[in-house]
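Below: one structure, written as structure tokens.
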Amino acid sequence: MTKPELPKAYDFRSTEPRVYEMWERGGYFRPSNDPNKEGFDPKARPFVISIPPPNVTGELHLGHAARVSTEDLMIRYHRMRGIPTLWVPGTDHAGIATQLMVERDLLKTEEVTREELGREEFVKRTWEWKKKYGSIITKQIRRLGASPDWDRERFTLDEGLSHAVREAFVRLYEKGLIYRGPRLINWSPGLKTAVSDLEVEYSEEEATLYYFKYMLKGSDEFIPVSTIRPETILGDTAVAVHPEDERYKHLVGRTAIVPMLGREIPVIADDYVSREFGTGALKITPGHDPNDYDIAQRHHLPIISVLDEAARINENGGAYKGQDRFECREKLWADMKNAGLVIKTQPYTTTIPRSQRGGEIVEPMISTQWFVTIEPLAKAALAAVKDGRVKIIPERFEKVYFNWLENIRDWCISRQLWWGHRIPMWYCPDGHMTTGRLDPKACGTCGSTQLTQDPDVLDTWFSSGLWPFSTLGWPEETRDLAYFYPTSVMETAYDILFFWVARMIMFGLEFTGEVPFHTVYLGGLIRDEHGRKMSKTYGNVIDPLVVMDELGTDALRFTLLVGSSPGNDTNLSVKRVEANRNFANKMWNAGRFVISAVNSLPPEARADSEYTLADSWIWARLQQLVRDVERLFQSYQYGEAGRQIHEFFWSEFADWYVEIAKQQMQSESTRGQTVATLARVLDISLRLLHPFTPFVTEELWGHLRQALKESSLSALAADWPEALIIAAWPEQKEPEGWEDAKVADFSLVQEIVRSVRNLRAEKNVPPTRKLAASMLAGSKTTLLEEQSNTIAALAGLDASKLRVDAKAGKPSEESIVLVVGSVEVYLPLAGMVDVQAERARFSKELADTEAQIRRLEQLLSGDFASKAPAPVVEKERERLAALKETAQKLNAQLR
RNA sequence: GGGCGCAUAGCUCAGUUGGUUAGAGCGUCUCUCUUACACAGAGAAGGUCAGGGGUUCGAGUCCCUUUGCGCCCACCA
């Protein structure tokens, strides 16, 4: 029977889509225990992740790829462990981002602004946009090999989630935790909306500090004052000095004159003012500065707003009305200069608040907005982490979380946008407010039917905050909610700890009475190979789609998952992805070798012989690996786990065991057992690797399974399911007694092989030249006799001329001698022996060995022997004994 | 002004209950197209684990400190 040959190089391009389709068709992404289906077992605890929903109109970037890879790894691992697993996918409507994108497109294609289009039409167009482009991101997530339950995909603006948002708002409002009122908020003049504190970013910038005179009424006296924003002078309602300041103390209570406007304002005393800074006097602009606002509250000062929604001067700015804030800054300053009010200007570095989205300078402004009273929510969220109901990994972020929640301020949730959840509040002509779970028909206070809904929408994060439970059906008491909530792990990047994670915990506790997840796993950011942030202006952006096209998804995933640790940023270079593409190819070829070994097995072959040394060794190593991987997974150290599997597969299985297997397969007596071992080790390796590199492992495993089923070793695959994605995770087995001895014996074989190879390289002996050799092996004689074929094959020796003796003299001919532990290897290399060089080599080795002996003897004679644990001491004693033996052999050679 | 992280081979990074000879990938040098793989194999060079101090029989790992980078939070005009 001829079997189709597998291609020499792993063809990820054809494999990935085919395998993904197979998974989806097989329904493997759906939870194995579904509360909506027959046979549901409510006692089987599920493992649940809600995906951090990407922007519905977004394009996949490496951040997504890192998140999705990590989550998929967790999901696949738990699924393989037989745990009912649910990963809820979905997208976020991303208010500002999406609205801006559609606005930009409308302007470009139709030369129309959203205002010209009108609200209703604009929202309609945005929905059309969403329908057209909204599936791009989810398709890209599929390309990453993600295995969420697509049947449960949600969108933050879909009907169910809108229902949840409405419920949440109404509940908070009824509880008195949502209020509306004029407050000083951060205003984005470019976007013409309020933004929350979190959406403001501060950057160190060069600015100018303007010094000027605040003239006092009815005199030539003045108070010198400085400001960074002269245009806010127009809104000043006081000049403040420190109450103890001798320079100005006597002026408190006098009246100052606002430059150019002539408005009269008081001079007040407040100890907020720092005597040391600037002139020691402070202008108070409560309408455009948070500190001044607080001072104004204390002193009952009027609040004057001088800017309109586009940050132009409004009617309170007198002659400057209509000017842009920066234009006014110049003009006003020029006018003040002419009026003799200017003292000086000086360059000044300060932190400038900018809009996270638009980048323009944000203005503090008085504006009527909706707020969430955050303190009670924050307290509960704080407690949940403090008492361990929610665990944050890495732990250090708990401190950051505490610090933020302890100093949190009310959350401004209204946005002057059109794309989002409209605030469910209606006003009658008399200004009464009415809300409800259903749209009200009449005013709840006066019965008026002339209701208009609040034009604002809610902050996008308001709906994202409900994500872990709204996606499961909340506020309805669905079966999904009952079974899958609270979720297990929230996996996301640390940069949205406040934006999202903290708010989910607050909302989860408030609305469901439970934490939304037990564990928060915070990953790092992806940077370029030198640790720089990726940005289009630098031109250092790596597009994950391009990387997947060129090197394969598994290579990208393995790179993102291995070589970094939780909470730390990852520097990604294409070089590393290439190396991992090579690893996928390594798996492919090692797998191909095993599969062809299975395929060419004669029908009568049985795996009934004793394990050889190499068989035992690879098993011992594999069992050790399984245990280590399990331990590492339990502590979220996926990167280290991946590294160890990589090392095992490549450096031990492929480099050593496969090579030895080639020898063992030549003897009919060991052939069956060797092929069986190859197949079983490959099987377990593929299972361990599957969460990291799902495609190549699934593909190979399918071929392996097929081959085994058709071979005389079909029993090995008897209980394998139809796909690796649902195959059982390898179990840890307790170490068996023989392992250590076998591993040590095998190490000796490796050492001998390495020494010979080393010598061959040094002496430039061509690989084709098989050398004769004899080994003086002492107590290792039996072992080495058994291993002589293996050693010969791996070291390039002539097996028929390889002698192993317990004790014998040197061979008569001229030889090179290698001392490997207690074994001497003689290689007759007539004509190539340089007596001087050989002696030098021995001398050096002897010196090294003796140095180690001295060090160990010193160690063992000190407190170490009595204070260190017995096994550690024993190990060193054994090493010392071995070293002494080696030294003795070397000495003999030098005589 | 607070808080946190990082500093290990030329480059990018692993190294989590402290165990004595510190690893990987890439890069460099030598050899080899050996019937799984040249996206490979074999071999080699390369590190006072930022500096200092301490705890310990033993420190890359724990504690203190200095220096240099990075990040987060914060209302000084």
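The analysis underlying the following values was restricted to heavy atoms, covering all of them including side chains, and did not include hydrogens, waters or symmetry mates. Order of the sequence lines sets the chain letters (A, B, ...), proteins ahead of strands, with each chain counted from 1.
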(message) Output the rounded distance in Å from CG (A:Asn186) to P (B:A74).
(response) 11 Å
(request) Would you confirm whether A:Asp554, through its side chain, and A:Phe695, through its main-chain N or O, come within 3.5 Å as a donor-acceptor pair? (result) yes
(request) Looking only at side-chain atoms of A:Lys586, point me to the closest of B:U21, B:G41, B:C76. (result) B:G41
(request) Compare all side-chain heavy atoms of A:Tyr214 with those of A:Val267 and state whether any distance is below 4.5 angstrom. (result) no
(request) Would you please confirm or rule out a distance under 4.0 Å between OP1 or OP2 of B:C75 and any side-chain N or O of A:Tyr293? (result) no
(message) Tell me the closest heavy-atom pair linking A:Ser196 and A:Arg503, and the distance in Å.
(response) OG-NH2, 4.2 Å
(request) Quick one: label A:Pro869 by what it contacts on the DNA or RNA (base, sugar-phosphate, nothing), any heavy atom closer than 4.0 Å. (result) base
(request) Could you tell me which nucleotide pairs with B:G5 by Watson-Crick or G-U wobble geometry, both distances under 3.5 Å, or answer none if nothing does? (result) B:C69
(request) Would you tell me whether A:Tyr494 and A:Asp569 have side-chain atoms, one donor and one acceptor, within less than 3.5 Å of each other? (result) yes
(request) Return the nucleotide paired to B:A44: Watson-Crick means purine N1 to pyrimidine N3 with N6-O4 or O6-N4, wobble means G-U with N1-O2 and O6-N3, both under 3.5 Å. (result) B:U28
(message) Please give the distance between the C1' atoms of B:A9 and B:G3 as a whole number of Å.
(response) 33 Å
(request) Write down the distance between CG (A:Asp569) and C1' (B:A14), rounded to a whole number of angstrom. (result) 16 Å
(message) Less than 4.0 angstrom between a side-chain N/O of A:Asn585 and OP1 or OP2 of B:A40, yes or no?
(response) no
(request) Using the six-membered ring of A:Phe593, assess whether NZ or CZ of A:Lys662 lies under 6.0 Å from its centre and within 45 degrees of the ring axis. (result) yes
(message) Heavy atoms from C-beta onward define the side chain here; which of B:A36, B:A42, B:A14 lies closest to that of A:Asp655?
(response) B:A42
(request) Tell me what A:Thr350 touches on the nucleic acid: a base, only sugar-phosphate, or nothing, going by heavy atoms under 4.0 Å. (result) sugar-phosphate
(request) Provide the distance between the two P atoms, one in B:C26 and one in B:C39, to the nearest whole Å. (result) 12 Å
(request) For A:Asn291 and for A:Phe653, locate the closest nucleotide of RNA chain B by heavy-atom distance; then report the residue assigned to the nucleotide nearer the 5' terminus. (result) A:Phe653
(message) Please determine whether a side-chain nitrogen or oxygen atom of A:Lys575 lies at a distance below 4.0 Å from atom OP1 or OP2 of B:C26.
(response) no
(message) Tell me if the side-chain of A:Glu659 makes a donor-acceptor pair with the base of B:A36, cut-off 3.5 Å, by modelled atom types.
(response) yes
(request) Would you indicate, yes or no, if B:G41 has its OP1 or OP2 atom less than 4.0 angstrom from a side-chain nitrogen or oxygen of A:Trp650? (result) yes
(request) Kindly assign one of parallel, tilted or perpendicular to the pair A:Phe583 and A:Trp650, based on the angle between their ring planes and the thresholds 30° and 60°. (result) parallel
(request) Could you check how far NZ of A:Lys662 sits from P of B:U35, rounded to whole Å? (result) 8 Å
(request) Compare side-chain N and O positions of A:Ser565 against OP1 and OP2 of B:U16 and report whether any pair is under 4.0 Å apart. (result) no
(message) Output the rounded distance in Å from CD1 (A:Ile660) to C1' (B:U34).
(response) 16 Å
(request) Respond yes when some side-chain nitrogen or oxygen of A:Lys8 is under 4.0 Å from OP1 or OP2 of B:A36, and no when none is. (result) no
(message) Is there a side-chain contact between A:Thr768 and the phosphate of B:U32, meaning an N or O under 4.0 Å from OP1 or OP2?
(response) no
(request) State whether the distance check finds a donor on one side and an acceptor on the other, under 3.5 Å, for side chain A:Arg396 versus base B:C4. (result) no
(request) Please measure how far the C1' atom in B:G46 lies from the corresponding atom in B:G25, and state the result in whole Å. (result) 15 Å
(request) Starting at atom CG of A:Leu883, determine the distance to atom P of B:U21, rounded to an integer number of angstrom. (result) 11 Å
(request) Return the value, rounded to whole Å, for the distance between atom CG of A:Asp628 and atom C1' of B:A14. (result) 15 Å
(message) Side chain of A:Ala579 only, heavy atoms from C-beta on: which candidate in B:C39, B:A36, B:G25 is closest?
(response) B:G25
(message) Could you tell me how far B:G51 sits from B:A42 if I compare only their C1' atoms? Round to whole Å.
(response) 41 Å
(message) Would you call the rings of A:Trp404 and A:Phe498 parallel, tilted or perpendicular, taking 30° and 60° as the class edges?
(response) parallel
(message) By nearest atom, which of the nucleotides B:U21, B:C37, B:U30 is closest to the A:Arg879 side chain?
(response) B:U21
(message) If the cut-off is 4.0 Å, is A:His646 near the phosphate of B:A24, judged by side-chain N/O to OP1 or OP2?
(response) no
(request) In whole angstrom, give me the gap between the P atoms of B:A14 and B:A50. (result) 14 Å
(request) Would you state whether a donor and an acceptor, one from the side chain of A:Tyr272 and one from the base of B:C75, lie under 3.5 Å apart? (result) yes
(request) Would you kindly say whether A:Glu206 and A:Thr349 are connected by a side-chain donor-acceptor distance under 3.5 Å? (result) yes
(message) Rounding to an integer number of angstrom, what distance separates B:G18 and B:C76 when you compare their P atoms?
(response) 42 Å
(message) I want to verify a distance call: between B:C4, B:A36, B:G43, whose nearest atom is closest to the A:Lys399 side chain?
(response) B:C4
(message) Using atom C1' in both nucleotides, what's the gap between B:A59 and B:U8 to the nearest angstrom?
(response) 14 Å
(message) As a test of reading the structure: which of B:A14, B:G19, B:A77 is closest to the side chain of A:Val872, going by heavy atoms?
(response) B:G19
(request) Among the candidates B:G5, B:A42, B:U12, find the nucleotide nearest to the side-chain atoms of A:Arg757. (result) B:A42
(request) State which of B:A14, B:A74, B:U30 makes the closest approach to the side chain of A:Asn764. (result) B:U30
(message) Whether A:Asn582 contacts B:A40 is assessed here as follows: a side-chain N or O lying under 4.0 Å from the phosphate OP1 or OP2. Is that the case?
(response) yes
(request) Using the C1' atom as the reference point in each nucleotide, state the distance between B:G10 and B:G70 in Å, no decimals. (result) 23 Å
